[in-house]
Enquirer: 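Before we start, here is the structure in question, set down as structure tokens.
As the structure lists them, so they are numbered: ligands from 1, and atoms in each ligand from 1.
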Amino acid sequence: MRARSARFVTSAADPAGFPPPDLPEVAFAGRSNVGKSSLINALCGAANLAKTSRTPGRTRLLNWFRVAPPKGEPLHFVDLPGYGYARVPRAVRQGWRPLVEGYLRDRSALRGVVVLVDARRGPEEDERDLLAWLAELGVPARAVLTKADKLAKSKRKPAALAAQRALGLPAVPALFSAHTRDGADDVWRLLTSLVRQGPRQ
Ligand code: GDP
């Protein structure tokens, strides 16, 4: 299933540039190259939506998309800047962290974060760090294993269960392939479950 409609809203480098929090938001996080743009584009049924905002120099911005899901009310997708959480140079992390941390801590519309994990690599230190950080901030989290087509079918479910255990997640991660579109419905279900939880207390 694809979104009924999707459009780019805005990019922001600081809270003054965030759009009004008038729709529930789900944010997507993952290290560079995990398949985040491909997943957003595939869910939205738009070949270049996530990349259109990715002009040079703007990769460290937060990007908002207004999405009408296959069923239910519209929401914002927020594309968080990708990076290696633990291994990036300190200077880069210092630039990233306050912006993203400010967003995660203060954004009233935020319903949760979807952490993308490469299905073949499984969760590593970066993802464990991020999940621990989200838990500290009280932000609900789910995971999606990306590039599932690269794993033999028999290995997919065990990989999802292992990732759930390793990351201490409340739900089994969805398995998704942007190439075959397998798992899109599971990702939508996971997004719906986050939105349904309502705002943080
Ligand atoms: P981002 O940096 O996280 O936004 O990653 P991209 O979406 O740009 O994808 C990074 C690379 O992984 C590209 O070469 C994609 O073609 C590839 N990729 C993304 N999704 C999939 C997938 O589901 N299956 C496979 N086999 N490759 C994928």
Enquirer: Holding to side-chain hydrogen bond (donor to acceptor under 3.5 Å, both in side chains), I want the full list of residues that pass it with Arg111, two or more places apart in sequence or in another chain.
Expert: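 Per chain and number, Arg111 pairs via side-chain hydrogen bond (donor to acceptor under 3.5 Å, both in side chains) with no residue.
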Enquirer: Should you measure from each heavy atom of Ser38, which atoms of ligand 1 turn up under 4.0 Å away?
Expert: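 Answer, ordered by atom number: 6 (P), 7 (O), 9 (O), 19 (C), 20 (N).
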Enquirer: Going by side-chain contact (heavy atoms from CB on, under 4.5 Å), Val144 matches just one of Val117, Val187, Val115, Leu191. Which one?
Expert: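 Of the listed options, the one satisfying the test is Val187.
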Enquirer: Are Leu137 and Val78 linked, directly or through other ILVMFWY residues, by side chains that come within less than 4.5 angstrom of each other?
Expert: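 Yes, Leu137 and Val78 fall within the same hydrophobic cluster.
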Enquirer: Given Ser177, Ser32, Ala50, Ser37, which one has a non-hydrogen atom that is nearest to atom 4 (O) of ligand 1?
Expert: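 The residue whose heavy atom sits nearest atom 4 (O) of ligand 1 is Ser37.
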Enquirer: As an exercise, state the distance from CG of Leu175 to NZ of Lys157, rounded to the nearest 0.5 Å.
Expert: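 Rounded to the nearest 0.5 Å, the CG-NZ separation comes out at 7.5 Å.
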Enquirer: I'd like to check whether Gly35 has a polar contact with ligand 1, where a contact means an N/O of the residue lying under 3.5 Å from an N/O of the ligand.
Expert: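 Among all N and O atoms of Gly35, at least one is under 3.5 Å from an N or O of ligand 1.
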Enquirer: If the cut-off is 4.0 Å to any non-hydrogen atom of Ala178, which atoms of ligand 1 fall inside it?
Expert: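 This gives 20 (N), 22 (C), 23 (O) as the contact atoms.
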Enquirer: Looking only at heavy atoms of Gly30, does any of them come nearer than 4.0 Å to an atom of ligand 1?
Expert: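 No, Gly30 has no heavy atom closer than 4.0 Å to ligand 1.
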Enquirer: For Leu23 and Pro74, work out which heavy atoms get closest and say how close.
Expert: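 Closest approach of Leu23 to Pro74: CD2-O, 3.9 Å.
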Enquirer: Would you call the rings of Tyr103 and Trp64 parallel, tilted or perpendicular, where under 30° means parallel and over 60° means perpendicular?
Expert: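 Judged by the thresholds at 30° and 60°, the geometry between Tyr103 and Trp64 is perpendicular.
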Enquirer: Just going by heavy-atom distances, which of Lys147, Arg181, Lys36 is nearest to atom 1 (P) of ligand 1?
Expert: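 Nearest heavy atom to atom 1 (P) of ligand 1 lies in Lys36.
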Enquirer: Could you tell me whether some N/O pair between Lys150 and ligand 1 is separated by less than 3.5 angstrom?
Expert: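 N/O-N/O distance under 3.5 Å: no.
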Enquirer: Sort and list the pairs that fulfil side chain to side chain donor-acceptor pair (under 3.5 Å) and have at least one residue in residues 165-179, not counting sequence neighbours.
Expert: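 The answer is Asp149-Ser177, Ser177-Thr180.
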Enquirer: Could you establish whether Val34 and ligand 1 come within less than 4.0 Å of each other, counting only heavy atoms on the residue side?
Expert: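 Val34: in contact with ligand 1 (<4.0 Å).
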Enquirer: Using a 4.0 Å heavy-atom cut-off, say whether Asn33 meets ligand 1 through its side chain, its backbone, both or neither.
Expert: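 The answer is both.
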